[in-house]
Amino acid sequence: MQRRIALYLGENLPDAIFLSSVELAERAGVSQPSVTRFAIALGFAGYPEFRHALRPLVLGEAVGDLPPSPADGNGAARSLIEMIDREMRNLTALRERLAPPPGRPADGLSGRIRGLGTALAACEPLPVLGLRVSSGPVMTFTYYARRIHPDVRPLVHGGSELTDGLHAARRAGSEWLLAIVLPRYPVEAVQALEYAAKLGLRTAVITDRAEVPFPADVVLPAPMGERPVCGAHAAPLTLAMLLLEAMAEAAPLRTRARLEEDERMSGQTGVFLRP
């Protein structure tokens, strides 16, 4: 069991440092307690401490202090700082996937973003799927995308409304479905991706890792913070904005014209407070 874990870590360390013990167990083909025992056998108090120690090997950062114990008088403040630090590390990991440091091979993420941006800029209408926790990033993406794209359709409700939205987009000439699917992966979102493929739509997904348990023609991975109550979405949302920039660059004349029109409309209708 321990050999399987060590082998997986050796071959997939850049992704493994962002996995929970349950996810690592699934990838390595062992049980979750085996992962904990593996960390303890190496002299760590548990898997979180072990993973924390591994991250400098990938991100090149100082190990720093371990997360505080509940008995620490400054535990609450340190916990907040650790959450911010974790998101900074996630953003650093995303940056290094886009521009790897010397000696580390590129994984093609930058090229996939630019290629997909060109395809989505030409896709009218553009349906964007995101259920449950993913609905927030989808609505943020949609708000900005509508400033540069003529027809962006968010799909953030499940059931027959979701099915109708996919059918309507396909009938109107759409060739792509963009989806944001963050942990925990909603079954209905996965089913929607499968159904979109049956309708003839190509699918692109922004998610937390490269290897996902659902179908997609293009996967854009961005690591996420892991918290007991909630997960922060700094890296996935940044990746969505990078994709939007790629869409804007793919149609520069349209982008400029629509942004100018948006500014005129905002000024005429008084949408925003004047500085």
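- A salt bridge is absent between E23 and R51: the closest approach of a Lys/Arg side-chain nitrogen to an acidic carboxylate oxygen does not fall below 4.0 angstrom.
- Counting heavy atoms of neighbouring residues, nucleotides and ligands inside a 6.0 Å radius, atom CZ of R4 does not exceed 12 of them.
- Shortest non-hydrogen contact noted between A222 and L94 is CB-CD1, 4.5 Å.
- With hydrogens and angles ignored, the 3.5 Å screen pairs no side-chain donor or acceptor of T36 with any backbone N or O of Y47.
- When all heavy atoms are compared, the tightest approach of P223 to R97 is CD-NH1, 3.8 Å.
- Applying the 6.0 Å contact sphere to OH of Y144 captures no more than 12 heavy atoms from other residues, nucleotides or ligands.
- Summarising the geometry, atom CE belonging to M139 is positioned 11.0 Å from atom CD1 belonging to I180; distances are rounded to the nearest 0.5 Å.
- By the 6.0 Å contact criterion, CD on E175 is open, its count of non-hydrogen atoms from other residues, nucleotides or ligands being 12 or less.
- Rounding to the nearest 0.5 Å places NZ of K198 at 8.5 Å from OH of Y195.
- Open room surrounds CD on E245; 12 or fewer heavy atoms of other groups in view lie less than 6.0 Å from it.
- The backbone N or O of P215 sits nowhere less than 3.5 Å from a side-chain atom of E194 that would complete a donor-acceptor pair.
- For the residue pair R89/T92, the side-chain donor-acceptor check at 3.5 Å is not satisfied.
- Listed for the R132 side chain is no donor-acceptor partner under 3.5 Å among the backbone atoms of L182.
- Separation of atoms CG (L91) and CD (E87) is listed at 6.5 Å; rounding is to 0.5 Å.
- Between the side chain of S174 and the backbone N or O of P125 there is at least one donor-acceptor pair closer than 3.5 Å.
- Atoms CD1 and CG, from I113 and L244 in turn, are 12.0 Å apart once rounded to the nearest 0.5 Å.
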